[in-house]
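Down below is the structure, laid out as structure tokens.
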Amino acid sequence: SPYTEMLGMSLERQLSKTATLTFTYLHAYGVHQMATIDSNAYLPGDYIPSSAPGGQPTILAPRPDPNLGIVNEFFPEAVFKENQIIVNINARVSRNFNLSGFYNASWANGNTGTAENSYNLRDSYGRASFVRPQWLFLMGNYTGPYGISFNPFLVAQAGQPYNISTPYDLTGDNFFNNRPAFASSS
């Protein structure tokens with residue numbers, strides 16, 4: 001069954017009587033994570049996609065069980081590795097104004113999700129789509145006259161990682177997430 005090992009450490013420093021700064025490092029390593037594969041995929045080399053859009057593929061041999069067709073299966077053999085650095089600040093600027101916030105930088109790779117190659121999950125290993133690489137959150141709290149409270153905040157985040165993929169099914173598994181080849185292997 002899936003599990004995740006985590007390691008974390010923090011260093012907190014009081015900057016002044018009213019302000020603290022915290023640095024946190026987190027490392028996560030997940031094994032036996034779920035990936036979707038076609039458990040009845042054509043063997044490598046048995047399915048040759050058409051070079052013309054909308055053309056018929058060349059099939060050199062049937063699937064391992066020709067009676068079943070595509071069999072989508074959750075396969076618990078994927079992995080992910082993630083590293084995060086978090087910087088957190090809390091400050092009481094004045095009697096009526098508090099400021100807090102954090103910045104989070106994350107780096108994650110994995111082969112979870114839908115497999116590009118049902119026979120080799122290592123082909124799908126790359127930047128994980130479940131992580132935002134950078135986050136920033138700032139929040140202020142100001143108590144004005146007559147006890148009216150103002151709480152402005154700012155949230156900024158980087159875009160999700162993306163993957164360049166072809167719009168064609170290159171392996172006959174009905175997954176349209178194959179990466180194009182930019183250079184030959186020779």
Side-chain angles (χ1 to χ4, degrees), residues 1-9 24-86 102-137 155-186:
S1 65
Y3 67 91
T4 302
E5 298 172 354
M6 295 188 80
L7 166 74
M9 56 185 93
T24 303
Y25 169 76
L26 296 173
H27 173 76
Y29 178 65
V31 295
H32 299 295
Q33 304 297 307
M34 295 298 177
T36 304
I37 64 166
D38 176 6
S39 62
N40 197 31
Y42 291 101
L43 294 173
D46 287 347
Y47 181 92
I48 302 170
S50 171
S51 59
Q56 293 296 317
T58 303
I59 299 174
L60 302 177
R63 293 176 179 275
D65 186 343
N67 299 321
L68 292 179
I70 295 171
V71 179
N72 290 337
E73 177 181 12
F74 288 113
F75 187 62
E77 291 300 321
V79 298
F80 77 87
K81 296 175 187 171
E82 180 180 13
N83 291 296
Q84 291 185 51
I85 295 174
I86 304 165
F102 71 88
Y103 170 77
N104 183 347
S106 297
W107 300 268
N109 290 324
N111 54 7
T112 60
T114 304
E116 180 182 334
N117 177 348
S118 293
Y119 289 102
N120 185 359
L121 287 179
R122 283 183 248 156
D123 285 353
S124 299
Y125 191 81
R127 289 173 48 184
S129 62
F130 59 82
V131 168
R132 295 280 182 169
Q134 298 184 58
W135 277 85
L136 175 69
F137 177 81
V155 176
Q157 61 186 1
Q160 248 181 318
Y162 65 92
N163 193 5
I164 297 172
S165 60
T166 66
Y168 308 109
D169 179 10
L170 300 180
T171 56
D173 55 11
N174 211 29
F175 299 147
F176 295 87
N177 64 343
N178 299 99
R179 293 185 183 120
F182 292 110
S184 67
S185 60
S186 58

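Counting all heavy atoms, side chain and backbone alike, Gln160 lies closest to Val131 at CG-O, 4.4 Å. Pairing each heavy atom of His32 with each of Ser1, the nearest pair is CB-O, 3.7 Å. Across Gln56 and Ser50, no two heavy atoms sit closer than the pair O-CB, 3.4 Å. Tyr119 and Leu43 make their closest contact through OH-CD2, 3.5 Å (heavy atoms, listed as atom of the first residue, atom of the second, distance). Phe74 approaches Pro76 most closely through the heavy-atom pair O-CD, 3.8 Å. The minimum heavy-atom distance between Pro49 and Pro57, with the atom names listed, is CA-CB, 4.1 Å.
Residues Trp135 and Ser106 form no side-chain contact, since every pair of their non-hydrogen atoms from C-beta on lies 4.5 Å or further apart. Counting heavy atoms from C-beta on, the side chains of Gln33 and Thr4 come closer than 4.5 Å. Contact of the Tyr42 side chain with the Asp173 side chain is not registered, since no non-hydrogen atoms from C-beta on lie closer than 4.5 Å. In this structure, the side chains of Tyr125 and Val79 come closer than 4.5 Å at one or more pairs of heavy atoms.
Of the possible donor and acceptor atoms, none in the side chain of Glu73 sits under 3.5 Å from a partner among the backbone N and O of Ala35. Proximity of a side-chain donor or acceptor of Asn109 to a complementary backbone N or O of Lys81 within less than 3.5 Å is not detected. Under the 3.5 Å distance criterion, the side-chain polar atoms of Asp38 are matched with a main-chain donor or acceptor of Val71. A donor-acceptor contact shorter than 3.5 Å links the side chain of Asn40 to the backbone of Asp65. Side-chain atoms of Ser124 never come within 3.5 Å of backbone atoms of Ala115 as a donor-acceptor pair (strictly under, hydrogens ignored). For His27 (side chain) and Leu7 (main-chain N/O), no donor-acceptor pair under 3.5 Å exists by modelled atom type.
Atom OH of Tyr29 sits about 14.0 Å away from atom CD of Glu82, to the nearest 0.5 Å. With rounding to the nearest 0.5 angstrom, the CG atom of Asn117 is 11.5 Å from the CG atom of Asn111. For the atom pair CG (Asn72) and OG1 (Thr114), the distance works out to 8.0 Å, reported to the nearest 0.5 Å. Atom OH of Tyr47 sits about 4.5 Å away from atom CG of Asp169, to the nearest 0.5 Å. To the nearest 0.5 angstrom, Ser39 atom OG is 9.5 Å from Arg63 atom CZ. Put simply, OH on Tyr25 and CD1 on Ile86 are 11.5 Å apart, with the number rounded to the nearest 0.5 Å.
Aromatic ring orientation, Phe130 versus Phe80: perpendicular (interplanar angle above 60°, classes split at 30° and 60°).
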Chi angles and distances behind the side chain to side chain contact (heavy atoms under 4.5 Å, CB included) call for Thr36, Phe75: CA-CA 6 Å; Thr36 304; Phe75 187 62; over 6 Å; no
